[in-house]
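Report on one structure; see the data block that follows.
Here is how names work: the chains are called A, B, and so on, in the same order as the sequence lines, proteins then strands, and each is numbered from 1.
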Amino acid sequence: MSLNFGKGCHLHLIDGSAFIFRAYHALPPLTRKSDGLPIGAVAGFCNMLQKYIEEDNGPDAPTHAAVIFDKGSHTFRNDMYDLYKANRDAMPEDLRPQMPLTRRATEAFNIACEELEGYEADDIIATLAVQAREAGGRVTIISSDKDLMQLVGGGIEMLDAMKNRRIDVEGVEEKFGVGPDRVVDVQALAGDSVDNVPGAPGIGIKTAALLINEYGDLESLLDRAEEIKQPKRRQTLIEHRAQIELSKKLVQLDCNTPLEFTLDDLEVRDPEPDVLLPFLTEMEFRTLSKRVADRFGREAPEIQSGPATPNATDAPSTPEQPDFADAHYECVRDMAALETWIGQIRKRGYVAVDTETTGLNEMRVDLVGISLCVEAGHACYIPLIHREGASDDLFAEDKLADGQLPIADVLAALKPVLEDPAILKIGQNMKYDAKIFARNGIDIAPIDDTMLISYALHAGLHGHGMDTLSERYLDHTPIPIKPLLGSGKSARTFDLVPIDEAVPYAAEDADITLRLWQTLKPRLHAAKVTRVYERLERPLVPVLAEMEMHGVKVDRDTLSRMSNAFAQKMAGLEAEIHALAGRSFNVGSPKQLGEILFDEMSLEGGKKGKTGAYATGADVLEDLAAMGHELPARVLDWRGLSKLKSTYTDALQEHINPETGRVHTSYLIAGANTGRLASSDPNLQNIPVRSEDGRRIREAFIADEGKTLISLDYSQIELRILAHIANIDALKQAFRDGQDIHAMTASEMFDVPLDEMTPEIRRQAKAINFGVIYGISGFGLARNLRIPRSEAQGFIDRYFERFPGIKQYMSDTTEFAKEHGFVRTLFGRTIHTPEIAAKGPRAGFAKRAAINAPIQGTAADIIRRAMIRMPDAINDLPCKMLLQVHDELIFEVDHSAADQLIDVARTVMQNAADPVVKLDVPLIVDAGRGANWAEAH
DNA sequence: GACATCACG
DNA sequence: GACGTACGTGATGTCC
């Protein structure tokens, strides 16, 4: 018996995505007890649906209802504007597998569930709402999305379920300053940072409403823009007309989406107990199952496996883990055994994975074996290419050890599992394993990483290597690898370790990883770092893996020529130095140099350090040179060349991969306490730039043929963050006005007008600005500026007088650190400061580190966000992101697309804080390009 | 393996 | 009143 939709009918349209995200963020990361499947969002979603159904609306009750979902991320709006919603964070990995389950939940509750490829949920809602209105019915849209407000009126209202508030025409006017019919006009002008709708720069909702009310509508406004009195506003509207018109198209909902159902199909139906209850049981929602069963007057279904109820608010506890002594480690030697393991993984939905390789260089080593673990104490090792050492016959080829599955068969069998979006792969330092798998044709995803979980939880407390974590959190010392591999002459690679020795070691690594995951993952929520882990750590893994694997092209000949030139110059200098010293000695030995300078030549200023050796650092030698001494001056020259040669021109050549002809660095994600990355093997974050000689090394970093290098760097990002965090109006205004911040500081401090600024005064102010970021001290500033300590202290006092907010920030931060033992960045990254309670000089260090960490860390968070969003943004361009140097990203791009890339990448970087943090200062990104890094920078 | 030195942000 | 000091990293060469 079907009711045709018409007068007297009441349609409810529920914004499904909004429900899901609210459920996801409102609840701790619950997992299904029996197998660990992430289920928190589904639980919250079901609770909301149940509440919705239970609500007694009386005569207002809906006759028709539907939950509307988004489908896919690409819509017709992306075709109009490729940056549409480009600011959005990727969906958290533990939410992704829950999306299909929310559809199933909707169906289980017997509510119509609709979505349409290429359209947003909002468009479907708009189409249905308009159809319903035309049919003479009433509509309630359950959502608080302001984009839907344009639909309100004539029987359509919205309901903000969160605040339980109805939004009618007056509500819309309150929000936008215009009626629903003009909402799109206001949005087109004001733009939207969340959806990345550009709008008109400098015009917000207030101004937009004012203009629309004055001119009637957007089209009249734009046509008559010349009449606007305010010159800036007039110019903005004329200049950005196209952008405003595009914005209007982006925010305008499509009321004519091609739907394959009618309103009549949405008639409200009661849930079927025989459908709903089994679904809730399968999800293991105990409390909710009982509540639903009660309403149906049925017996509550039995749920064996425990309390993963949607009402549980405390973090799930770590399951009981068997003693390591009782662990069972298996060697997989035939396909049947492998299939059994794969079956267990599929049943579970997650697996801890570890790879064994012939070395540590991910770009060169071979995969030797794979370990898997699905349950604490139960793991396996799959040997792949272990060899028998040919110790008897020096000339015999090592042959493959018996009893190993063909590597191709194993990889083919594991690939579907490792790439299955519904199976979580857990690892310790997954970037390493991901790269090994990638080189073997497997794109492993989704992943969890115990190293990164620990980093989000414990940065500043201890390291995040597996041995450390195992000892601290599992009270177990892992089997050391050293005895297996030997050392010195007898060293061997893992493929030469006999399989029966390899199994316990390798399988244990996977076991430990799984146990760490069970122990640490549930702690993220209580420590309030789930977002940090989900949005700043985990998504970075594939991004960095790709950058590292792609590498940067380095020209060997350039480096080799420079090495030779340096060697010649050094030989000349060395002879000169020996002549000046009156004897031959090792110029590279600080100890010998100290003896020459201060004992034999009896120069002044010899100071011994704690080890009893003379200090011969650059500052000491510079002072001596300034006093007119030749020898220290020549040693400084020699050291400069020696550094460049050994660390750069020589060493970099060794790092050129013979297969790719490129240099592949490795980024440590969990190395620096502040959230910065660190680069190693080789370190490409400290390639010289400050000296002329050094900068030329960057000429060896080149673009491939037909391509060009692009460098984009944040201008003064840490000072901008300081201005925001410490809330310093003068600094914020200076950044908004695009002023020279060091000159402005100098002007404030020394009462020098900007147009009379000298480079020397500006230099001093610059040193102070940097000092502030580092937790300034009179001593440090004095040393840096080479001025008396009293004078430096005077500068600092004056600075704090002029910018009292900075002093306040410093004391607030150290107080916070003392009280809590940690500090946080704007994005919630937690950096522990255990030493803050120490006595003596250590407290000073800890204090300054605590002041610096939120600033340096926030900058690190911002560039991480940019990097994570970058692949999607530059997807269509013939380019690659190659390197990160703290506040700089380097790309390689086809000549033809260079301008486009700069546009897109700059936009991503400048908006990287949005929408989580609204900075009071703009972020500015400078760009450079060239055939090599020296030109691009 | 500790230490000093120096490259970068 | 003494302590000793700018923040965060990684690579290299000496020397024990």
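A donor-acceptor contact under 3.5 angstrom links the side-chain atoms of A/Ser777 to the base of C/dT5. With hydrogens and angles left out, the side chain of A/Lys591 and the base of C/dC15 share no donor-acceptor pair within 3.5 Å.
In terms of phosphate contacts, A/Arg783 brings a side-chain nitrogen or oxygen within less than 4.0 Å of OP1 or OP2 of C/dA6. At the phosphate of C/dG8, neither OP1 nor OP2 sits under 4.0 Å from any side-chain N or O atom of A/Gln685. Between A/Asn586 and the phosphate of C/dT14, there is a side-chain N or O to OP1/OP2 separation shorter than 4.0 Å. OP1 and OP2 of C/dT5 both lie 4.0 Å or more from every side-chain N or O belonging to A/Arg848. Between A/Arg690 and the phosphate of B/dA7, there is no side-chain N or O to OP1/OP2 separation shorter than 4.0 Å.
A/Glu574 has its CD atom 14 Å from the C1' atom of C/dG13, to the nearest Å. A straight line from CG of A/Asp926 to P of B/dG9 spans 14 Å, rounded to a whole angstrom. Following rounding to the nearest Å, A/Asn769 (CG) and B/dG9 (P) show an atom-to-atom distance of 18 Å. The interatomic distance linking A/Arg864 (CZ) with C/dG8 (C1') rounds to 13 Å, in whole Å.
Looking at heavy-atom distances under 4.0 Å, A/Thr616 makes contact with sugar-phosphate atoms alone, never a base. Residue-level contact check: A/Ala651 touches the backbone only, with heavy atoms under 4.0 Å from sugar-phosphate atoms and none from bases. Across all strands, A/Ile773 comes closer than 4.0 Å to no nucleic acid atom at all (heavy-atom distances). A/Asn686 comes within contact range of at least one nucleobase, with a heavy-atom separation under 4.0 Å. Heavy atoms of A/Gly771 sit under 4.0 angstrom from at least one base atom.
Ring-plane geometry between A/Phe598 and A/Tyr614 is classed as tilted, the angle between the planes lying from 30 to 60 degrees on a 0 to 90 degree scale.
Between A/Lys431 and A/Ser666 there is a side-chain heavy-atom pair separated by less than 4.5 Å.
C/dC7 is paired with B/dG9 under the Watson-Crick or G-U wobble criterion, all donor-acceptor distances under 3.5 Å.
Between the side chains of A/Thr616 and A/Arg639, at least one donor N or O sits under 3.5 Å from an acceptor N or O.
In this structure, A/Met601 and A/Leu631 approach most closely via the heavy-atom pair SD-CD1, 3.9 Å.
Relative to the six-membered ring of A/Phe845, A/Arg848 meets both conditions, a distance below 6.0 Å and an angle of at most 45° to the axis.
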